[in-house]
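Okay, structure first, notes after.
All values derive from a computational prediction rather than experimental measurement.
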Amino acid sequence: MPGRGRSTDEAGNDSLRDAWEAEALNWVAWARTPGHDSYWRFHRDRFLELLPASSGLTLDLGCGEGRFPRDLKAAGYKVIGIDASPTLIEHATTADPGGDYRVADAAQLPFADASVQLVTALLSLHDMDDMPGAIAEAARVLVPGGRLCAAVVHPINSGGKFESSTPDAAFVIRESYFAQRQYADAVERDGLSMTFTSHHRPMEAYFDALERAGLLVERLVEVPDTTYPPGDRWQRIPLFLHLRAVKARR
């Protein structure tokens, strides 16, 4: 955030918060180009199908420049979007002046206990420095019976890579799948460039955080890239993981 020094993680990497603030303008251009990234092909419509019906307040964690809250509003949800990047929140507010967008840390939410019906985290938990803290805070602000719906880069996907771009390329995990680590992917496509800085965590790290927070997973979807022919490399491993979890009623 403005006025604070550069922060690093235990391995000496720049924090994910700082990395995304540095890429904020690139992300605005990338995210607002229709059909340009995975949101349009894999997430918006499929993820909306995962959500419970609109009821009460929805809190979107890591809302970025606001495209998903805008789509949530269009679908009839009352939504507040939060993000740790001041630049992205500024652009979200400019694009949707009537919306509610706030700079906040997902691991320290400025909301009362049991005040939210639904929490969404669309491709944001793996971009957070404190993923377990964010999930714990989501559980805290949810009403009993409320739900957290999240999508992340599938841990298999972030754990390794294909050796080539051929359809029969081998997928190889050279580093430990279980070792948590920060990584960055620099991508250039159609005149746009973006560096995605994220944190690889094994699947058990997410489910451990959900269990500790008192959230029970009731739906899980592993998402391949079905735009490729059957048997092609991206049909053989999942790209993303979608899940819906419920907070137990007392």
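Leu59 contributes atom CG, which lies 8.5 Å from atom CG of Leu142 (distance to the nearest 0.5 angstrom). In this structure, CG in Leu122 is found 7.0 Å from OG in Ser124, a value given to the nearest 0.5 Å. Rounding to the nearest 0.5 angstrom, the gap separating the SG atom in Cys149 from the CG atom in Leu48 is 10.0 Å. Note: His126 NE2 to Met128 CE = 9.5 Å, rounded to the nearest 0.5 Å. Note: Arg32 CZ to Leu192 CG = 13.5 Å, rounded to the nearest 0.5 Å. The line from OH of Tyr228 to CD of Gln235 is 10.0 Å long, rounded to the nearest 0.5 Å.
In this structure, a donor-acceptor pair under 3.5 Å is present between the side chains of His154 and Glu222. Residues Ser85 and Thr87 bring no donor and acceptor atom of their side chains to less than 3.5 Å of each other. Side-chain atoms of Glu188 and Ser193 include no donor-acceptor pair closer than 3.5 Å.
Residue pairs that meet the ring-ring contact (aromatic ring centres under 6.0 Å, His included) test with at least one member in residues 39-61, sequence neighbours left out, are Phe42-Phe240, His43-Phe240, His43-His242, Phe47-Phe68, Phe47-His242. Residue pairs meeting the salt bridge (charged side-chain N to carboxylate O under 4.0 Å, His left out) criterion with at least one member in residues 160-176, sequence neighbours excluded: Glu163-Arg174, Glu175-Arg181.
Hydrophobic cluster membership is shared by Val152 and Leu215, with clusters built from Ile, Leu, Val, Met, Phe, Trp and Tyr side chains linked at under 4.5 angstrom. One hydrophobic cluster, built from ILVMFWY side chains closer than 4.5 Å, cannot hold both Leu61 and Val103; they sit in different ones. In the hydrophobic cluster analysis, where Ile, Leu, Val, Met, Phe, Trp and Tyr join through side-chain heavy atoms closer than 4.5 angstrom, Val79 is grouped together with Leu125. When the side chains of ILVMFWY residues are joined at heavy-atom separations under 4.5 Å, either directly or via intervening members, Ile89 and Val28 end up in two distinct hydrophobic clusters. Linking Ile, Leu, Val, Met, Phe, Trp and Tyr residues whenever their side-chain heavy atoms come within less than 4.5 Å places Ile237 and Ile173 in a single cluster.
Nearest heavy-atom pair across Ser158 and His200 is OG-ND1, 2.7 Å. Here the shortest heavy-atom pairing between Gln180 and Pro202 reads CG-CD, 3.8 Å. Between Tyr101 and Cys63, the shortest heavy-atom contact is CD2-SG, 4.1 Å.
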Show, in sequence, the C-alpha distance, side-chain angles and deciding distance for Phe207 and Leu220, and conclude whether the side chain to side chain contact (heavy atoms under 4.5 Å, CB included) test is met. CA-CA 11 Å; Phe207 282 78; Leu220 184 149; 3.3 Å; yes
Please step through ring-ring contact (aromatic ring centres under 6.0 Å, His included) for the pair Phe171 and Trp234, ending with a clear verdict. CA-CA 10 Å; Phe171 185 82; Trp234 285 116; 7.2 Å; no
Show the numbers, then the answer: is there a side chain to side chain contact (heavy atoms under 4.5 Å, CB included) between Tyr183 and Phe196? CA-CA 8 Å; Tyr183 66 95; Phe196 297 87; over 6 Å; no
After noting the C-alpha distance and the side-chain angles of Arg46 and Val221, does the key distance pass the side chain to side chain contact (heavy atoms under 4.5 Å, CB included) rule? CA-CA 10 Å; Arg46 251 180 119 156; Val221 181; 3.5 Å; yes
Carefully, step by step, assess Ser165 and Arg233 under the rule side chain to side chain contact (heavy atoms under 4.5 Å, CB included). CA-CA 8 Å; Ser165 59; Arg233 59 190 178 122; 3.8 Å; yes
Could you walk me through whether Arg17 and Asp105 satisfy the salt bridge (charged side-chain N to carboxylate O under 4.0 Å, His left out) test, starting with their C-alpha distance in whole Å, then the side-chain angles of each, then the deciding distance to 0.1 Å, before giving a yes or no? CA-CA 9 Å; Arg17 175 191 303 218; Asp105 184 343; 3.0 Å; yes
Stepwise salt bridge (charged side-chain N to carboxylate O under 4.0 Å, His left out) check, Asp71 with Arg67: CA-CA 6 Å; Asp71 283 338; Arg67 63 181 175 180; over 6 Å; no
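Using modelled atom types, no side-chain atom of Asp100 and backbone atom of Ile80 make a donor-acceptor pair closer than 3.5 Å. Counting only distance, with no hydrogens or angles, the side chain of Thr58 and the backbone of Ser54 share no donor-acceptor pair below 3.5 Å. In terms of modelled atom types and a separation under 3.5 Å, the side chain of Lys247 and the main chain of Ala139 share a donor-acceptor contact.
Asp225 and Arg41 are joined by a salt bridge, as a carboxylate oxygen and a charged side-chain nitrogen come within less than 4.0 angstrom of each other. Between Arg236 and Asp232 there is no salt bridge, since no side-chain N of the basic residue sits under 4.0 Å from a carboxylate O of the acidic one. Under a 4.0 Å N-O distance rule, the pair Arg244/Glu49 does not qualify as a salt bridge. A salt bridge is absent between Arg189 and Asp37: the closest approach of a Lys/Arg side-chain nitrogen to an acidic carboxylate oxygen does not fall below 4.0 angstrom. Between Asp83 and Arg102 there is no salt bridge, since no side-chain N of the basic residue sits under 4.0 Å from a carboxylate O of the acidic one.
Looking at heavy atoms from C-beta onward, Val223 lies out of side-chain contact with Leu241 at the 4.5 angstrom threshold. Contact annotation: the side chain of Tyr177 approaches that of Met203 to within less than 4.5 Å [non-hydrogen atoms, C-beta and beyond].
Counting heavy-atom neighbours within 6.0 Å of Phe178 CZ, excluding the residue itself, gives a total of 12 or less.
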Donor-acceptor pairs under 3.5 Å, side chain of residues 109-120 to any protein atom, not counting sequence neighbours: which ones?
unit_1 : atom_1 : unit_2 : atom_2 : d
Asp113 : OD1    : Arg140 : NH1    : 2.7
Ser115 : OG     : Ala112 : O      : 2.7
Thr120 : OG1    : Asp60  : OD1    : 2.6

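Shown here are the side-chain contact (heavy atoms from CB on, under 4.5 Å) partners of Val246, two or more places apart in sequence or in another chain: Arg147, Leu216, Glu218. Applying the side-chain contact (heavy atoms from CB on, under 4.5 Å) test to Ala209 and every residue at least two apart in sequence or in another chain returns Met131, Pro132, Ile135. Residues satisfying the side-chain contact (heavy atoms from CB on, under 4.5 Å) test with Leu16, not counting sequence neighbours, are Asp129, Gln182, Thr197, His199.
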